[in-house]
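Heads up: the structure comes next, in structure tokens.
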Amino acid sequence: RKFVFVSGCPRSGTTVLAHILNWGDSIFIGQERFSVLLNEHPDAFTPGLFEMPRLGRFEPGDCLYPSYGAKDEYFAWYAATKPFDQIGAMARIGDKIPNLYAFFDVFKAPAWADCDITVLHIVRNIQDVAASFQSRKENPADGWDADYLAAIPAWSNSVACAHALVDRPDTNVRMGIVDYDSIFEGDLPALVASVRRIYGFIGAEFGSRQESGMQRIYRSCQQLKKNRQPRFTVCAWPCWKPAATSLKRSSCTSAAAMRC
């Protein structure tokens, strides 16, 4: 069993990255399946959560939804291709938890010592992250309380934590740095090429079904682009450029890391 987790500052593309991975024939990545549990009881975040029947049994304090069926926007298409009673048999399994970067030390616990763990940490430019924070803040039906100013420390913290894990020699975690803009701001061939690299990094096969799925994701991303808020220009470069530069340098040189 190989574990794959998705991490990244909120509004950085963690959800779409999980969708990309879930097109794999033997991959299941939850959508914040154990996010509440991790934040409130990190000691209880263990490999056993990802075994059946526990993975299919929703308990109070696990997450913010009561069942896979209650989150159609996350799982409807997945259920049409891979029944949920089979997810426990997937060769690669894990969860998308945006602020997992604040809890990387959970993988130091003895329960994880002999596990094959990969974290894919996605990084998006701060202007678009801030614009997305603000867009949700201005939607009264959303319930999102953080504005664009809150995006800056959140983004910086996520980058700093990922950078620390990449450079830590004693970790049992392989870190892959995923560049949102390189994948989603280009054309379809660029997206497919980047996703093929991600699949290769986690050791999963990428074939015609996955390429068809990327076409669907690409079309959805193009539609989202049309509705995107204009980028902010008020964020001062010194707030974040050094951290971003350092992260890219480390992720290119560390044997445990990949950047795509």
Quick one: does [X]'s side chain get under 4.5 Å of [Y]'s, heavy atoms only?
X: D128; Y: S132; value: no
X: V192; Y: R196; value: yes
X: R11; Y: S135; value: no
X: D62; Y: R54; value: yes
X: W112; Y: P47; value: yes
X: V173; Y: L165; value: yes
X: I177; Y: V123; value: yes
X: L17; Y: I198; value: yes

Is D95 salt-bridged to R33, cutoff N-O under 4.0 Å?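 Looking at D95 and R33, the cut-off is not met.
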Pair D147 + K137, salt bridge at N-O below 4.0 Å: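 Looking at D147 and K137, the cut-off is not met.
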Please lay out, stage by stage, how L21 and I202 fare under the test side chain to side chain contact (heavy atoms under 4.5 Å, CB included). CA-CA 10 Å; L21 295 171; I202 66 173; 3.9 Å; yes
Mark yes or no for whether [X], through its side chain, and [Y], through its backbone, hold a donor-acceptor pair below 3.5 Å.
X: S156; Y: P153; answer: no
X: S158; Y: G8; answer: no
X: Y199; Y: G24; answer: yes
X: R209; Y: W23; answer: yes
X: N99; Y: A102; answer: no
X: T14; Y: P10; answer: no
X: R92; Y: G203; answer: yes

Are F28 and I117 connected, step by step, through hydrophobic side chains (Ile, Leu, Val, Met, Phe, Trp, Tyr) whose heavy atoms are closer than 4.5 Å?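 Yes: a chain of side-chain contacts under 4.5 Å links F28 to I117.
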State plainly whether one hydrophobic cluster holds both L55 and V36, where clusters connect Ile, Leu, Val, Met, Phe, Trp and Tyr through side-chain heavy atoms under 4.5 angstrom apart.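 Unlinked, L55 and V36 end up in two clusters.
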Would E59 and R57 count as a salt bridge (charged side-chain N to carboxylate O under 4.0 Å, His left out) if you check the C-alpha gap in whole Å, the side-chain angles of each, and the deciding distance to 0.1 Å? CA-CA 6 Å; E59 296 184 358; R57 185 178 68 246; 2.9 Å; yes
May I have the step-by-step check of side chain to side chain contact (heavy atoms under 4.5 Å, CB included) for I217 and I20, ending in yes or no? CA-CA 8 Å; I217 286 176; I20 284 172; 3.5 Å; yes
How close do [X] and [Y] get, counting heavy atoms only, and between which atoms?
X: G186; Y: Q222; answer: O-NE2, 4.4 Å
X: M90; Y: R1; answer: O-NE, 3.2 Å
X: S67; Y: Y65; answer: O-CD1, 3.2 Å
X: I183; Y: V178; answer: CD1-CG1, 3.3 Å
X: C221; Y: F184; answer: SG-CD2, 3.6 Å
X: S26; Y: A89; answer: OG-O, 4.4 Å

Spacing of [atom1] belonging to [X] relative to [atom2] belonging to [Y], to within rounding of 0.5 Å:
X: K96; Y: L120; atom1: NZ; atom2: CG; result: 13.5 Å
X: Y101; Y: S7; atom1: OH; atom2: OG; result: 7.0 Å
X: T15; Y: I29; atom1: OG1; atom2: CD1; result: 12.5 Å
X: S182; Y: L191; atom1: OG; atom2: CG; result: 11.0 Å
X: C115; Y: N172; atom1: SG; atom2: CG; result: 8.0 Å
X: N125; Y: D181; atom1: CG; atom2: CG; result: 4.5 Å

Side chains of Q215 and E211: donor-acceptor distance under 3.5 Å anywhere?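 Absent: no donor and acceptor within the cut-off.
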Show your working on side chain to side chain contact (heavy atoms under 4.5 Å, CB included) between D116 and F3 and close with a plain yes or no. CA-CA 6 Å; D116 186 318; F3 293 94; 5.9 Å; no
Check whether the ring centres of W144 and F133 lie less than 6.0 Å apart, and answer yes or no.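 Between F133 and W144, which both carry aromatic rings, the centre distance is below 6.0 Å.
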Looking only at the aromatic ring of each residue, does the gap between the centers of Y68 and F58 stay below 6.0 angstrom?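 Ring-ring flag for F58/Y68: true, centres closer than 6.0 Å.
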Identified ring pair (Phe, Tyr, Trp, His ring centres under 6.0 Å) partner of F5 from the options F104, F103, F50: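 Only one of F104, F103, F50 forms a ring pair (Phe, Tyr, Trp, His ring centres under 6.0 Å) with F5, namely F50.
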Run the side chain to side chain contact (heavy atoms under 4.5 Å, CB included) test on Y148 and V129 for me, step by step, so that the C-alpha distance in whole Å, both residues' side-chain angles and the decisive distance to 0.1 Å come before the verdict. CA-CA 8 Å; Y148 72 95; V129 171; over 6 Å; no
Cation-aromatic face contact R174/F201, 6.0 Å, 45 degrees: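 Relative to the ring axis of F201, which defines the angle, R174 lies inside both limits.
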For D142, look at atom CG and say whether over 12 heavy atoms of other residues, nucleotides or ligands are found less than 6.0 Å away.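 Atom CG in D142 is crowded, with more than 12 foreign heavy atoms closer than 6.0 Å.
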Trace of the side chain to side chain donor-acceptor pair (under 3.5 Å) decision for D25 with Q210: CA-CA 8 Å; D25 292 329; Q210 287 71 44; 3.1 Å; yes
